[in-house]
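Scroll down for the structure; my scribbles are underneath it.
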Amino acid sequence: MKKETYASVMDWYKAHRRTALLIIWGNRLITGLIYCLYPLLLVWLFLYRQQYLAKAVLVPGISFVLLSLFRKGVNRKRPYEFFGTPSLIPKKTQGKSFPSRHVFSIFVIAMSWLYLFPWEPAGVILLAAGLLLAALRVLAGVHYLSDVVAGALIGILAAAIGYQIL
């Protein structure tokens, strides 16, 4: 992507404020939903299936820490930094774009639901929400496509490997 393309997309959002608001609020809604559902999952496991609680804490938790350390080491600039044009979602974060931690989180949590409750639709719904969140993060200009793809793949792999190891 070129600077002119990125700037024209952000300018288009200024002219189409309703679309911009849909992207902003979609990002907030999905992010808030996943960060509410995960603690609810942990509470439910604590009350009814304690044998799975440690895995449900350790797999996403350890993966999140490792991903954060990797991301800090890579320290890729975000699109709004690289192109010098503000993103749709106001952000002050410098670097740490690759991979997307938001997308990683929703995918590792979705995979946790699928591991724990393969017969329930919640995991599949969360995977679909993860795809939508990934698209919204790119459209908003806070991540590159490669950031969200890597976040999703690492989230899936971390859960698949983590639940097999533990």
Side-chain angles (χ1 to χ4, degrees), residues 1-39 41-42 56-113 123 126-163 165-166:
M1 180 183 298
K2 295 180 182 176
K3 181 179 181 173
E4 297 79 25
T5 306
Y6 180 83
S8 70
V9 169
M10 292 304 130
D11 287 342
W12 186 88
Y13 287 136
K14 289 176 188 171
H16 297 86
R17 196 67 190 142
R18 286 186 182 159
T19 303
L21 288 173
L22 280 174
I23 292 170
I24 292 167
W25 283 102
N27 176 71
R28 287 183 186 166
L29 179 67
I30 294 170
T31 301
L33 175 71
I34 196 64
Y35 290 123
C36 289
L37 286 178
Y38 180 60
L41 170 65
L42 297 180
V57 170
L58 290 174
V59 170
I62 291 170
S63 303
F64 186 84
V65 169
L66 293 174
L67 180 97
S68 296
L69 292 171
F70 173 75
R71 185 170 112 132
K72 186 176 181 180
V74 172
N75 201 26
R76 181 182 192 182
K77 285 187 176 186
R78 292 174 176 269
Y80 58 83
E81 288 178 89
F82 185 78
F83 297 120
T85 303
S87 62
L88 186 58
I89 298 170
K91 301 263 311 170
K92 293 181 182 177
T93 306
Q94 300 292 306
K96 298 181 235 158
S97 181
F98 180 86
S100 169
R101 236 178 8 194
H102 276 79
V103 174
F104 161 82
S105 296
I106 196 168
F107 274 87
V108 76
I109 292 168
M111 294 301 291
S112 296
W113 279 83
L126 289 175
L127 287 175
L131 291 172
L132 180 57
L133 180 65
L136 293 172
R137 305 285 294 170
V138 172
L139 290 172
V142 295
H143 282 292
Y144 297 101
L145 180 60
S146 58
D147 298 340
V148 298
V149 169
L153 291 176
I154 294 169
I156 291 168
L157 288 173
I161 294 168
Y163 283 109
I165 291 173
L166 292 178

Pairs flagged by salt bridge (charged side-chain N to carboxylate O under 4.0 Å, His left out) wherever [range] is involved - sequence neighbours left out:
range: residues 142-155; result: Arg76-Asp147
range: residues 130-142; result: none
range: residues 5-28; result: Asp11-Lys14

At their closest point, which heavy atom of [X] faces which heavy atom of [Y], and how far apart are they?
X: Pro99; Y: Ile154; answer: CG-CD1, 3.8 Å
X: Ala159; Y: Val59; answer: CA-CG1, 3.9 Å
X: Arg78; Y: Ser97; answer: CG-CB, 3.5 Å
X: Ile89; Y: Ala140; answer: CD1-CB, 3.5 Å
X: Leu126; Y: Ala110; answer: CB-CB, 3.5 Å

Legend entry - Trp12: partners by ring-ring contact (aromatic ring centres under 6.0 Å, His included), with sequence neighbours left out: His16

Inset, instruction - Under the ring-ring contact (aromatic ring centres under 6.0 Å, His included) rule, collect the residues that match up with Tyr163, sequence neighbours excluded. - result: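 Tyr163: ring-ring contact (aromatic ring centres under 6.0 Å, His included) contacts with Tyr115.
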
Legend entry - ring pair (Phe, Tyr, Trp, His ring centres under 6.0 Å) contacts in which one or both residues fall within residues 83-113, not counting sequence neighbours: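 Counting only pairs at least two positions apart or across chains, the ring pair (Phe, Tyr, Trp, His ring centres under 6.0 Å) contacts touching residues 83-113 are Tyr6-Phe83, Trp113-Phe117.
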
Legend entry - Gap separating the CD1 atom of Ile106 from the OG atom of Ser100, nearest 0.5 angstrom: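 Rounded to the nearest 0.5 Å, the CD1-OG separation comes out at 10.0 Å.
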
Inset, instruction - To the nearest 0.5 angstrom, please state how far the OG1 atom of Thr19 sits from the CG atom of Leu22. - result: 6.0 Å

Would you indicate whether the side-chain heavy atoms of [Y] and [X] approach each other to under 4.5 Å?
X: Leu133; Y: Thr31; answer: yes
X: Val103; Y: His143; answer: no
X: Ser112; Y: Pro60; answer: yes

Inset, instruction - Tell me, with the steps shown, if Leu88 and Leu139 meet side chain to side chain contact (heavy atoms under 4.5 Å, CB included). - result: CA-CA 8 Å; Leu88 186 58; Leu139 290 172; over 6 Å; no

What residues form a side-chain contact (heavy atoms from CB on, under 4.5 Å) with [X], not counting sequence neighbours?
X: Leu42; answer: Tyr38, Leu53, Ala56, Val57
X: Leu33; answer: Leu37
X: Leu132; answer: Ile30, Leu136

Legend entry - Sequence neighbours excluded - side chain to side chain donor-acceptor pair (under 3.5 Å) pairs with any residue from residues 85-95: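 Non-adjacent pairs meeting side chain to side chain donor-acceptor pair (under 3.5 Å): zero.
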
Inset, instruction - Report the residues that fulfil side-chain hydrogen bond (donor to acceptor under 3.5 Å, both in side chains) with Ser68, sequence neighbours left out, ordered by chain and then residue number. - result: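 Counting only residues at least two positions away or on another chain, Ser68 forms a side-chain hydrogen bond (donor to acceptor under 3.5 Å, both in side chains) with Arg101.
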
Inset, instruction - Tell me, yes or no, whether the heavy-atom count around Tyr35 atom OH, taken from other residues, nucleotides or ligands under 6.0 Å, exceeds 12. - result: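 Enclosed.
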
